[in-house]
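For reference, the structure is listed below as C-alpha cells.
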Amino acid sequence: MRAISLFSGCGGLDHGFHQAGFNIVYANDIAPSVKATYEANLGKIDIRDICNVNEDELPDCDLILAGVPCQPFSNAGNRGSMADKRGTLFSQVIRIVDNKKPKVVLFENVRGFLSSKDDNGQPMPERIRYELKQHGYNLYFKLLNASDYGVPQNRHRVIMIGVRDDVDAEFIFPEPREDKSTLTVGNVISLPIAKGEKQEIWNLSPQSKTIAKHIPEGGSWKNVPYEALPPRLKKIRNNMQKYRSPNFYRRFGRNEIMGTITAAATPENSGILHPLEDRRYSVREIARFQSFPDDFKFIGATTSQKYKMIGNAVPAVFALHIANKIRDDLF
Ligand SMILES: C[S@@+](CC[C@H](N)C(=O)[O-])C[C@H]1O[C@@H](n2cnc3c(N)ncnc32)[C@H](O)[C@@H]1O
C-alpha cells in the first residue's frame, strides 16, 4: 500500500497511516520548519510549493493523503473559499490524482468547510464531489470528532474519502468508541515527561499572564473582573450580545476533555492555558492532546513553529482509526 502525502506538515496524518501499514513513498510541504521533525520521525520530505511540483516527478501510489490547509474554509478566519489562492490547492491535488489514479484519495478539513461555498456559490462538499466524479472518483464524507476515536481532545474535522469508481467496495466510516472517561486533561498532564526531555514552553505575553491569574481551573475570561480587562475585551464585555458571548481564555479543568488545539495557540481562542499553572501547555503536552506518541520528536524549528505544526496536525490516533478502516474496507 503505497501512499503519497501532500501538505504533510509534521506528519500527524502520515504517522497514523504509517502505523496502519501504509508506506509513504513521497511527502511534500512548503514549510522548511517541518523538515527536521518529519524526517526524524517518518522519512524524507520534499520542501517545495506543490504548485511547482510536476506530477511526472512523483512515484506511483495507491493512496493520496491531502491535509489541504484549512484557512480558506475556517470559521475563524476570512472565509474566502475558492477565491482565496489557497483554495486552489484543491485543484493541485486533483491534478496529481488525475495523473496517479490512486485507489483512494483522502482530504481533511475544518468543520467550516461544510458551509463554505466556491466562487460560484456552490457548497464546497458538492463542488469537491463534482470535481472528483469528473475524474472517476466517488466521494464519502463525514464530520467526525477526534475524541470519539480515543484522542483526548474535542476536535471536529471533515474527512472526505474519494474512491476510484472501479473499486468494488464501499467505505464506511469507523464507529465512535463509547468510553471517553480516560480522555481527560488531568490524565494527559499527569503522565511523566520522558527522562532527559526539557519542557519547552512558549511564554505568555505579560497581558495574557495577568488575565490568566484571575481565571480558575475550568473557567474563562468571564471570571476576570471588569477592571482587570484590557480595553478591547472591556468593549466586548460591554456588549456581549453584539459579539455573541465569546468564551475567551478558556482554561479547561482536569476533569474535562481538552478543546481544539490550534496552530496559533493564542490563550484567547484555544484553551491553551494549563489548569494549575499560569502558562501555556508545553510542546509535549499539546503533542499529547494531538495523540502523538511521546517518542515523536519535534526538532529543528522555533518553539512557536512547533506549536504551529502540532496545532495544524491531524491527531495521529484519529488518523490511525481512519487508516485501519480504509485498509480493511478498500485494500
Ligand atoms: C493543515 S496542515 C497539514 C497537517 C498535516 N496533514 C498533519 O497531519 O500533520 C497544512 C500544511 O500545508 C502546507 N502548505 C500550505 N501551502 C502549501 C503549498 N503551496 N505547497 C505545499 N504545502 C503547502 C503548510 O505548510 C501546512 O504544513
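Order of listing sets the numbers, starting from 1, for every ligand and every atom in it. One is the number of the first residue; the rest follow in order along the sequence.
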As an exercise, identify every atom of ligand 1 less than 4.0 angstrom from a heavy atom of [X].
| X | value |
| --- | --- |
| Leu89 | 16 (N), 19 (N) |
| Arg48 | 20 (N), 21 (C) |
| Ala31 | 25 (O) |
| Ser8 | 5 (C), 6 (N), 7 (C), 9 (O) |
| Gly12 | 7 (C), 8 (O), 9 (O) |
| Gly9 | 27 (O) |
| Asn28 | 21 (C) |

Under 3.5 Å between some N or O of ligand 1 and some N or O of Val314?
->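 Yes, Val314 has an N/O under 3.5 Å of an N/O on ligand 1.
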Ligand 1 N/O within reach of Gly67 N/O, cut-off under 3.5 Å = no
If hydrogens are left out, which of Leu65, Asn109, Thr37, Asp49 has an atom nearest to atom 18 (C) of ligand 1, that is, the closest non-hydrogen atom?
->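 Looking at heavy atoms only, the winner is Asp49.
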Of the choices Leu13, Asn52, Asn312, Val53, which has the non-hydrogen atom that lies closest to atom 2 (S) of ligand 1?
-> Asn312
Over-ring placement of Arg251 relative to Tyr249, 6.0 Å and 45° cut-offs | no
What residues form a salt bridge (charged side-chain N to carboxylate O under 4.0 Å, His left out) with Arg177, not counting sequence neighbours?
-> none
Which residues share a ring pair (Phe, Tyr, Trp, His ring centres under 6.0 Å) with Phe292, sequence neighbours left out |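 Phe292 satisfies ring pair (Phe, Tyr, Trp, His ring centres under 6.0 Å) with Phe296, Phe298 once adjacent residues are dropped.
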Hey, does His15 sit under 4.0 Å from ligand 1 if you only count heavy atoms?
->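 Per 4.0 Å heavy-atom rule, His15 does not contact ligand 1.
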Of all the heavy atoms in Val34, does at least one lie under 4.0 Å from an atom in ligand 1?
->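 For ligand 1, residue contact (heavy atoms, under 4.0 Å) with Val34 is absent.
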Just wondering, more than 12 heavy atoms not from Asp168 lying within 6.0 Å of its CG?
->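 Not buried by this count: 12 neighbours or fewer within 6.0 Å.
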Determine whether more than 12 heavy atoms belonging to other residues, nucleotides or ligands lie under 6.0 Å from atom CD of Gln134.
-> yes
Apply the side chain to side chain contact (heavy atoms under 4.5 Å, CB included) test between Phe289 and each candidate in Ile310, Ile257, Val185, Val151; give the one that qualifies.
->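 When side chain to side chain contact (heavy atoms under 4.5 Å, CB included) is applied between Phe289 and each of Ile310, Ile257, Val185, Val151, only Val185 qualifies.
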Side-chain donor-acceptor contact under 3.5 Å, Ser220 with Asn247 | yes
Shortest non-hydrogen contact from Asp295 toward Asn41 | O-OD1, 4.0 Å
